[in-house]
Engineer: 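Below is the structure I would like to discuss, written out as structure tokens.
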Amino acid sequence: MSNPEIEEIPIRDDMIRLGQLLKLANLVEDGVEATELIKNGLVKVNGDIDERRGRQLHAGDTVSVNGQTVRITKDS
């Protein structure tokens, strides 16, 4: 089984909330879609399902949804 390509998403601040990251990474169209995916248990943070839209994410965290995975990096 091959690993899916992981796209790196740089952030300016020390953290970003899960709903914001989904929009920034173009994994969802808008906040409503982000909320629905999260509420339905379709979003994984660091390999575990997370149902908190306000979950704080930091550099090194990974988020997976619909077969796509992104990793947060600190913008330098």
Engineer: Where is the tightest heavy-atom contact between L22 and A34, given as atom of each residue plus distance?
Structural biologist: CD1-CB, 3.9 Å
Engineer: Kindly give the heavy-atom pair with the smallest separation between N46 and G60, and that separation in Å.
Structural biologist: OD1-O, 4.3 Å
Engineer: Check whether any side-chain heavy atom of D14 lies under 4.5 Å from a side-chain heavy atom of K74, and answer yes or no.
Structural biologist: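 They are in side-chain contact.
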Engineer: Between L37 and V28, is a side-chain contact (heavy atoms from CB on, under 4.5 Å) present by the stated rule, with each step listed?
Structural biologist: CA-CA 9 Å; L37 288 174; V28 296; 3.5 Å; yes
Engineer: First locate atom CD1 of I16, then atom CZ of R55, and finally report the distance between them rounded to the nearest 0.5 Å.
Structural biologist: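 Spacing of CD1 (I16) from CZ (R55) equals 13.5 Å.
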Engineer: Locate the shortest heavy-atom distance separating P10 from L24; write the atom from each residue and the value.
Structural biologist: O-CD2, 4.2 Å
Engineer: Just verifying a value: how many Å separate D75 CG and R12 CZ, rounded to the nearest 0.5 Å?
Structural biologist: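 Nearest 0.5 Å value for the CG-CZ distance: 8.0 Å.
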Engineer: Kindly give the heavy-atom pair with the smallest separation between V65 and L42, and that separation in Å.
Structural biologist: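 Distance-wise, the nearest heavy atoms are CG2-O, 3.6 Å.
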Engineer: Report the distance from atom CZ of R71 to atom CD of E7, rounding to the nearest 0.5 Å.
Structural biologist: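 R71 CZ to E7 CD: 11.5 Å, rounded to 0.5 Å.
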Engineer: Can you confirm whether I11 sits close enough to T73 that some side-chain heavy atom of one is under 4.5 Å from a side-chain heavy atom of the other?
Structural biologist: no
Engineer: Can you give me the closest heavy-atom contact between Q56 and D61, atom names plus distance?
Structural biologist: O-OD2, 4.4 Å
Engineer: Check whether any side-chain heavy atom of L57 lies under 4.5 Å from a side-chain heavy atom of M15, and answer yes or no.
Structural biologist: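 A side-chain contact under 4.5 Å is absent here.
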Engineer: Test side-chain contact (heavy atoms from CB on, under 4.5 Å) on V63 and T69 and set out the steps.
Structural biologist: CA-CA 6 Å; V63 174; T69 301; over 6 Å; no
Engineer: Please lay out, stage by stage, how I72 and L21 fare under the test side-chain contact (heavy atoms from CB on, under 4.5 Å).
Structural biologist: CA-CA 9 Å; I72 300 168; L21 176 76; 4.0 Å; yes
Engineer: So which atom in D50 and which in L18 form the shortest heavy-atom distance, rounded to 0.1 Å?
Structural biologist: O-CD2, 4.4 Å
Engineer: To the nearest 0.5 Å, how far apart are CD in E33 and NZ in K23?
Structural biologist: 11.0 Å
Engineer: Can you confirm whether more than 12 heavy atoms, excluding those of R53, are under 6.0 Å from its CZ atom?
Structural biologist: no
Engineer: Determine whether I38 and E36 make a side-chain contact, defined as any pair of heavy atoms from C-beta on separated by less than 4.5 Å.
Structural biologist: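 SC-SC contact between I38 and E36 ruled out.
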